[in-house]
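In what follows, a structure is listed as structure tokens, so that the remarks can point back to it.
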Amino acid sequence: MENGNLSYTHKNYLIETIDRLAMHKMNVLHLHLVDDQGWRMEIKKYPKLTEVGAFRVDQENIIWSARLPVSSLDKGTYGGYLTQEDLKELVKYAQLKNVEIIPEIEMPAHVSSAIASYPELSCFEDPIGVPSGSVWPITDIYCAGKESTFEFLENVLDEVIDVFPSRYIHIGGDEATKINWEKCPNCQKRMRTENLKNPHELQSYFVKRIEKYINSKGKKLVGWDEILEGGLAPDATVMSWRGVKGGIEAAKQGHDVVMTPNTHCYFDHHQGHQNEEPLAIGGYTPISKVYEFDPIIDSMTVAETKHILGGQANLWAEYIPNNSQSEYMIYPRLAAMAEVLWSPKELRDWNDFSSRITTMFERYKELDINYAKSIYLVNPTTEVDLDKKEVYLSLINEFSNSDIRYVLGNQNINENAIKYTKPLGFKETTIVKASLFKNNKPIGKIFLDTIKFHNAVACKVNYISPYDDNYKGAEALGLVNLIRGTKNHHDGQWQAWLKKDMEVIIDLENEKTIKEVTMGSIENQGRNIYFPNTIEVYASTDGVNYTKIAKTEHFFAINPISELKDFKMSFEKTTARFLKISATNIKTTPKGTDAWLFVDEILVN
Ligand code: ACM
Ligand code: ZN
């Protein structure tokens, strides 16, 4: 969503998106119209759903999951919604293009926006604000005990059904944390009178009741795979997102299924090496992985496969600040999805597809679509032989038999670059540039890395403050192994401290003359990972008496990106055998949660 007249910019973008879906032979547009952070469809009977529920406090400068809690007294200014007129226009336009729009009206969770508008929809009716960012776990959900909840939902669905002629209505159903249901007298009463053994069965009751209503209007219900829990509604179609197991189970039970496993179909994930891509929610789903998607599972019987209606790609917008970024995440992965869904398995061929995708790029360019060129990225993997103190760099790319060429040092990449054939070995600090080549010309983004050597490689590190068990990095030599961490903080190179400072002593094995210490760190405020406040370096020749030789400070600031940083501390030439390095954790985030401090390498020169 962008600021300004959202209804206008968003509607136009949706119109363009419908054109592009049609161009890719995709024939359904699933519109997720309700979530915690915004209610996006005008409902005439309940005007506050959009007056209140469509707007949140503007914290767009802060990473989604680092945004601060809000109260019901805070006024939302960032947001927008589509009127019923807008939506009818979209439906009509989509019909011309043979695209069916299926609306999703979430329940019983992902509805903080509705509860902020009408607190009486929740179990305890406490006023809340529309959250500006992530909500986890989701406990503010509709009360399943009160009749008024169902009355509200039926009235909302009446208007939704009036606007959308689709065969299906999607009712969400995902990610409801039901702790309020276990405490609420109304929900408890409902469980007793309906003979429901647990909250899952209460959600099943909820969905079955809504299904009955939707069926009475001549429509079919679809829901996320959580609707299997506690028992499926009799005619429900299941959208399998937590992998394919929900879809397999639903098909076994004789229900229709749409496959959209988060392993292959989530277009909010990164599509290239994380260091080279805009901030995303996480995950790694390059186009070649999308091309491996198959909505039919080998173990299914023929009868079960008949229940697989197809597949779907999902673009969740938490990390999508504007339409241009939305395009970047959708294209060209949508082309892979379309080909997979329309081609029999035996005709799918990644090599062939990847050679044809560049033709699609020409079309995208012509249409002014901000498509991702991540398929051209050169991706590095680094290995190290610590005995020989040698680093090996491998360069690969999604195209098979790709022509990757590289240069070392300060040269520029041109047709004279060296063809890459096997991992490159390095024994000293070296700049590496590489690129994919086509017709003897570099294409795509130039890969640039500096392999940095230093005096502490493979030296013994004594941890005065041990790293967290969840982020052990490469353990004993992790901070001195020459392999740098990436923006993927789960890459196995990072050591981390939760709410604790880092303090280590490096034994350089014999006295060395040094003049610089550098500590590598990452900040991703959305993951509660913050740069340190202060880093100090102490030197010693005997391991007993230490002298402070360097200090650097970093002042906390809101950081809207994920960032790697080398904190470099230079000082007068010093002779040292032991170095004590301490880095202070900010300990508590502005949101009040525990803060992480991440370190990948300490370089001594
Ligand atoms: C989902 O991604 N929560 C359906
Ligand atoms: Zn309740």
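Keep in mind the model is a prediction, meaning the values are calculated, not measured. Order of appearance sets the numbers: ligands from 1, and atoms from 1 within every ligand.
- Between W316 and F267, the ring center distance fails the sub-6.0 Å criterion.
- Close contacts of ligand 1 with W241, meaning ligand atoms under 4.0 Å from a residue heavy atom, involve 1 (C), 2 (O), 3 (N), 4 (C).
- Side-chain N or O atoms of E327 include none that pairs as donor or acceptor with a backbone N or O of Y371 at under 3.5 Å.
- Judged purely by atom type and a 3.5 angstrom limit, S204 uses its side chain to pair as donor or acceptor with the backbone of G230.
- Taking the ring centroids of Y213 and F150, they lie at or beyond the 6.0 Å cut-off.
- A side-chain contact (heavy atoms from CB on, under 4.5 Å) with L309 is found for one member of T237, V257, V238 and no other, namely T237.
- Remark: minimum distance from atom 3 (N) of ligand 1 to any protein heavy atom is reached at D174 OD2, 2.6 Å.
- Exactly one residue among N155, L33, L157, V160 makes a side-chain contact (heavy atoms from CB on, under 4.5 Å) with I43. That residue is V160.
- Neither side chain, Q59 nor N61, offers a donor N or O lying under 3.5 Å from an acceptor on the other.
- Less than 4.0 angstrom separates some heavy atom of W316 from each of these atoms of ligand 1: 1 (C), 2 (O), 4 (C).
- For ligand 1, the atoms lying closer than 4.0 Å to a non-hydrogen atom of E175 are 3 (N).
- Listed by number with element, the atoms of ligand 1 under 4.0 Å from a non-hydrogen atom of Y266 are 1 (C), 2 (O), 4 (C).
- A centroid separation of less than 6.0 Å is found between the aromatic rings of Y471 and H490.
- The distance cut-off of 2.8 Å around the Zn ion (ligand 2) captures these protein N, O or S atoms, sorted by chain and number: C123 SG, C143 SG, C184 SG, C187 SG.
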